[in-house]
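First comes the structure, then the notes that go with it.
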2 protein chains.
Amino acid sequence: MGDIKDNRRDAILRSVANVLRNSRLSSLTIQQIADELGMTKGNLYYYFKDKQDILFHCHMRSTEISLRALSDAETLGRTPPEKLHILLVRHIRGIIDDGFGGILQTDLDKIRPAHRKLYVSKRDELERGVRRLIEDGVKAGEFQCANVKMAGFAILGGINWIPKWYRPNGPFTSAQISEQMAGFYLRGLLVAGHEWRSDDRKLSPTSRQPDLADTETWR
Amino acid sequence: MGDIKDNRRDAILRSVANVLRNSRLSSLTIQQIADELGMTKGNLYYYFKDKQDILFHCHMRSTEISLRALSDAETLGRTPPEKLHILLVRHIRGIIDDGFGGILQTDLDKIRPAHRKLYVSKRDELERGVRRLIEDGVKAGEFQCANVKMAGFAILGGINWIPKWYRPNGPFTSAQISEQMAGFYLRGLLVAGHEWRSDDRKLSPTSRQPDLADTETWR
DNA sequence: AGAATTTCTGAACTTAAAGTCAAAATGTTT
DNA sequence: AAACATTTTGACTTTAAGTTCAGAAATTCT
């Protein structure tokens with residue numbers, strides 16, 4: 001039953017996520033991935049062709065989650081701002097909670113060209129989705145922005161950076177991070193006077209600031 | 001004449017920047033750095049202890065530039081929004097033009113602990129500077145934000161990501177990128193109705209969109 | 001149970017890049 | 001020019017991590 005083998009492959013990918021959560025990328029080694037699962041590194045090669053193959057699948061996993069956020073947004077949201085908010089919140093939560101966020105830091109250089117193309121096309125799907133939502137919002141008069149593509153970069157880049165500073169034991173939950181960051185980016189686009197929320201929770205200018213342990217140490 | 005030796009060290013650091021501009025980080029090798037300058041790699045070890053030492057100095061170079069942006073902002077700007085705008089524009093231009101932006105992607109793991117501490121403390125100086133400006137703006141009633149620290153992350157993260165997608169031959173100049181991104185982030189903080197510019201250039205909601213070659217390929 | 005298949009091991013192999021160093025080349029001082 | 005200091009070379013060593021593989025262990029099939 002290839003099912004069982006697939007489970008094992010899954011477990012391996014998740015163990016990559018676990019390693020990434022704790023240590024840093026520079027030290028993401030085949031050995032660590034194996035250790036995390038209590039298997040030997042030789043055994044990994046029974047499930048994946050090589051390290052780049054493993055990383056490729058992590059990348060795919062990561063985008064799949066984000067693309068689900070995109071399609072969720074399209075169906076659940078009604079206005080462009082609402083949709084974009086949903087997308088960003090889910091995209092961020094995915095990156096933090098599913099743990100594949102760390103993979104975003106890796107270089108795609110060494111991934112087999114065919115694989116890389118496949119991944120890049122998926123990732124571009126997300127980027128285009130974001131841009132489309134922004135454009136729609138501009139057309140609807142709800143958003144304003146100097147350049148759609150760059151606004152997309154400004155938003156997605158900030159999100160991609162999250163794994164650099166996020167710590168599981170840190171002061172923020174993924175729910176808080178996603179809400180606050182999405183809110184911030186939305187406000188960067190919204191034309192003054194527009195709101196995007198369906199309900200009436202509005203952000204008071206002086207909402208309470210969680211008191212943070214001042215551990216300033218992302219790497 | 002330590003001066004001459006210092007010049008050479010400088011040249012080496014700049015050659016790192018050059019290599020980073022073209023190839024990717026995963027392939028930043030001592031050999032490449034040497035080639036870029038037409039020297040042998042053995043010779044590099046006459047000027048620097050080891051690779052990590054080189055990378056450390058690149059990191060320092062990078063933060064120095066950003067910290068200069070911070071102090072410039074403090075002296076040149078009058079209100080918090082003005083200051084923050086100046087800081088972001090110069091910070092971004094520094095990252096793109098001085099070419100050490102790419103170094104931000106590297107892991108600090110392998111840098112000697114004492115060096116790492118030194119660098120991190122400098123970098124934190126920048127982060128604290130950004131937060132201070134945001135806080136000042138909030139107190140002055142010009143900014144609103146749910147959480148200062150996270151707003152800082154949202155902004156600085158997006159900026160750190162720039163080297164991933166910026167291409168020297170791309171459709172944007174560093175001046176455009178810095179202006180537009182800084183503007184976007186500022187708007188995310190500004191309380192409706194506030195403007196930060198001293199002059200009267202305002203962003204019309206439908207400002208012309210530069211037509212972009214759609215090369216969607218950052219790595 | 002015995003055969004066939006799948007899964008796993010661990011030691012050996014390979015590779016790529018970092019780092020070393022004695023000696024050569026170059027430059028400087030007296 | 002001789003002595004001294006600085007800089008550069010290139011071949012060599014080391015290191016760390018990825019990869020292979022013959023065979024052992026476990027599992028499934030008949």
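Per chain, numbering begins at 1; letters A, B, ... match sequence-line order.
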List, with names and distances, any nitrogen or oxygen atoms from the protein found under 3.5 Å away from nitrogen or oxygen atoms belonging to nucleotides 9-15 of chain C.
unit_1	atom_1	unit_2	atom_2	d
dT9(C)	OP2	Thr40(A)	N	3.4
dT9(C)	OP2	Thr40(A)	OG1	3.3

Between atom [atom1] in [X] and atom [atom2] in [N], what is the gap in whole Å?
| X | N | atom1 | atom2 | answer |
| --- | --- | --- | --- | --- |
| Lys110(A) | dA16(C) | NZ | P | 10 Å |
| Leu37(B) | dT7(D) | CG | C1' | 14 Å |
| Asp6(A) | dT6(C) | CG | P | 14 Å |
| Asn7(B) | dT6(D) | CG | C1' | 15 Å |
| Lys5(A) | dT27(D) | NZ | C1' | 14 Å |
| Tyr45(A) | dT20(D) | OH | C1' | 9 Å |

Are Val89(A) and Glu179(A) close enough, and set up right, to give a side-chain contact (heavy atoms from CB on, under 4.5 Å), and what steps lead you there?
CA-CA 6 Å; Val89(A) 167; Glu179(A) 276 294 329; 4.0 Å; yes
Taking salt bridge (Lys or Arg N to Asp or Glu O under 4.0 Å) as the test, write out the residues that go with Arg8(B), two or more places apart.
none
Check the orientation of Trp165(A) and Phe172(A). Use parallel for under 30°, tilted for 30 to 60°, and perpendicular for over 60°.
perpendicular
Could you give all pairs that pass the salt bridge (charged side-chain N to carboxylate O under 4.0 Å, His left out) test and reach residues 36-56 of chain A, with sequence neighbours left out?
Asp50(A)-Arg112(A)
Is any side-chain nitrogen or oxygen of Thr29(B) closer than 4.0 Å to OP1 or OP2 of dA18(C)?
yes
Using the side chain to side chain donor-acceptor pair (under 3.5 Å) criterion, which residues pair with Ser15(B)? Sequence neighbours excluded.
none
Any salt bridge between Lys122(A) and Glu127(A), counting N to O under 4.0 Å?
no
Using a strict heavy-atom distance below 4.0 Å, which residues from residues 47-57 of chain B are in contact with DNA chain D?
Tyr47(B)
Nearest-nucleotide check on DNA chain D, Gln31(A) vs Arg8(B); residue mapping nearer the 5' end is Arg8(B)
Identify every side-chain donor-acceptor pair in residues 62-72 of chain A under 3.5 Å, counting partners at least two apart or on other chains, and give the distances.
unit_1	atom_1	unit_2	atom_2	d
Thr63(A)	OG1	His59(A)	O	2.9
Thr63(A)	OG1	Met60(A)	O	3.1
Ser66(A)	OG	Ser62(A)	O	3.3
Ser66(A)	OG	His91(A)	ND1	2.9
Ser71(A)	OG	Arg68(A)	O	3.2
Asp72(A)	OD2	Arg90(A)	NH1	2.8

Do any N or O atoms from the side chain of Gln105(A) and from the backbone of Gly102(A) form a donor-acceptor pair under 3.5 angstrom?
no
Closest heavy-atom pair, Gly152(B) versus Ile134(B), reported as atoms and distance to 0.1 Å, is N-CD1, 4.1 Å
